[in-house]
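Following: one structure in C-alpha cells, then a few remarks.
Positions are given from 1, in the same order as the sequence printed here. Just so it is clear, the values below take in all heavy atoms, side chains as well, and ignore hydrogens, waters and symmetry mates.
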Amino acid sequence: MTYCVAMRLHEGLVFLSDSRTNAGIDNVGTFRKMYAFENPGDRVMVLMTSGNLSLSQAIRQVISDHVTPDGKSIWTVGSMYEAAQIVGEAIRIVYARDAKALEQFGIDFNVRMIFGGQIGNENCRLFQVYSAGNFIESHDENPYFQIGESKYGKPIIDRVITPASSLDEAAKCALISMDSTLRSNVSVGLPLDLLVYESGSLAIRRFVKITEKNKYFQMIRGIWGEQLKHIFEGIEDPVWNAPDPAQPVALSLEGDRSYPVRIQPPEELRVAGQEDAPLQSVAQENGGGQH
C-alpha cells in the first residue's frame, strides 16, 4: 500500500511519501515512490506514485524519455500544464503496451500519481493524475492532494492547512498526517521522503529521507499522541437526561422522545414481567409499522 500527500501553498510546495509496497508478517518491500525532475535554474518537478509498482516505474521512465510529435519533452515544455499532459500521455503509452497482457493474468491497470512543480516564472502548480491519463489541478479551495491510504491522514490536513500556511507548518502537518496513517495501517511504512520546494528557487534545497531514527519525527510521534490524549481528557463527559436545555454538555434532555429502532423477539421468547419498550416513531405510535 502507499500514502503520499502534496500541498500547494503561496510559499511553495510540500511533498511527502512513504516507501512500503508490500505488507505481511514476513513479506515487506521497500521502494521509493517520489521522483524529482530537476534542471536547476529552469525547472523543478516532482512525481509521486501509487498503485502497481511495475507500472509506476515504467511510466516514470517513459516520462523521462518521451518526446511529443511537436518535439517537446518534460525537459522543454513551457508550462506545468503541458508537463502534466506528458505525464498523462506516458500513462496511456504504458497502458496501450501492457494493459491487455496484464488483464490476461487478472491484473488491473492501477496507477495514480501526484505531479507538481514550477517551470520558469510560472507559479507553482499541483496535479493529481489518474489511470486514464486525465488529471485535475489543485486550487485554493483544495490546496492538497493525497493518493493511496488517505483516510487516516486527511482530518488533520482539513483542519489545519490553507494556501496561506507556511512551508514549515505544512511540512509539520504532513508528518502528523503520515504518523496517523502509520499508526492505523501496517501497509504504510518508513522510511519517508520529504521534499519542501520554495517558490521561485527553481532548485531542490530542502529534502530529507526520514527513518525511525529521525529525531524530529520521533518528537512528532510522541508529542502528537500526548497532546491528543491531553485534549481528550480535557473535554467534559456528556450529561444524559439533563433537566436544563442550556447545559453546554447536555447530550440528551429530560422528556426527549428518541429511541432506537427495536426488533421485537417472538412472543414466546419474551421475558415474563417485562414491559414493552417505548414506541419508536410517530408512525408506530399510530399503529403503523408494527408486525
Applying side-chain contact (heavy atoms from CB on, under 4.5 Å) to Asp179 and Trp224, what does each step give before you reach the verdict? CA-CA 9 Å; Asp179 176 58; Trp224 182 244; 4.1 Å; yes
Going through the checks in order, is the side-chain contact (heavy atoms from CB on, under 4.5 Å) test met by Leu55 and Thr49? CA-CA 10 Å; Leu55 294 174; Thr49 65; over 6 Å; no
For the pair Lys33 and Asp193, evaluate salt bridge (Lys or Arg N to Asp or Glu O under 4.0 Å) and give the outcome as yes or no after the intermediate values. CA-CA 8 Å; Lys33 304 164 190 176; Asp193 283 340; over 6 Å; no
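Other residues, nucleotides and ligands place more than 12 heavy atoms under 6.0 Å from the CH2 atom of Trp75.
Looking at Ser252, its side chain does come within 3.5 Å of a backbone N or O of Asn241 through a donor-acceptor pair. Judged by distance alone, the side chain of Arg43 and the main-chain N or O of Ile74 form a donor-acceptor pair under 3.5 Å. The closest donor-acceptor contact from the side chain of Gln227 to the backbone of Ile223 lies at 3.5 Å or more, if one exists at all. Of the possible donor and acceptor atoms, one in the side chain of Ser19 sits under 3.5 Å from a partner among the backbone N and O of Pro191. Between the side chain of Tyr95 and the main chain of Lys100, no donor-acceptor pair closer than 3.5 Å is present. Using a distance-only test at 3.5 Å, with no hydrogens or angles considered, a donor-acceptor pair links the side chain of Gln118 to the main chain of Glu122.
Taken from OG1 in Thr181 to CD in Gln146, the straight-line distance is 7.5 Å, to the nearest 0.5 Å.
Inter-residue side-chain proximity for Ile136 and Phe145 is flagged as met; some heavy-atom pair is nearer than 4.5 Å. Between Val208 and Asn214 the shortest side-chain heavy-atom distance falls below 4.5 Å. With a 4.5 Å cut-off on side-chain heavy atoms, Arg8 and Asp140 count as touching.
Annotation for Ala171 and Val196: closest pair CB-CG2, 4.2 Å, computed over non-hydrogen atoms.
Ring-centre distance between Phe15 and Tyr35: not below the 6.0 Å cut-off.
With 3.5 Å as the limit, one finds a donor-acceptor pair spanning the side chains of Ser187 and Asn185.
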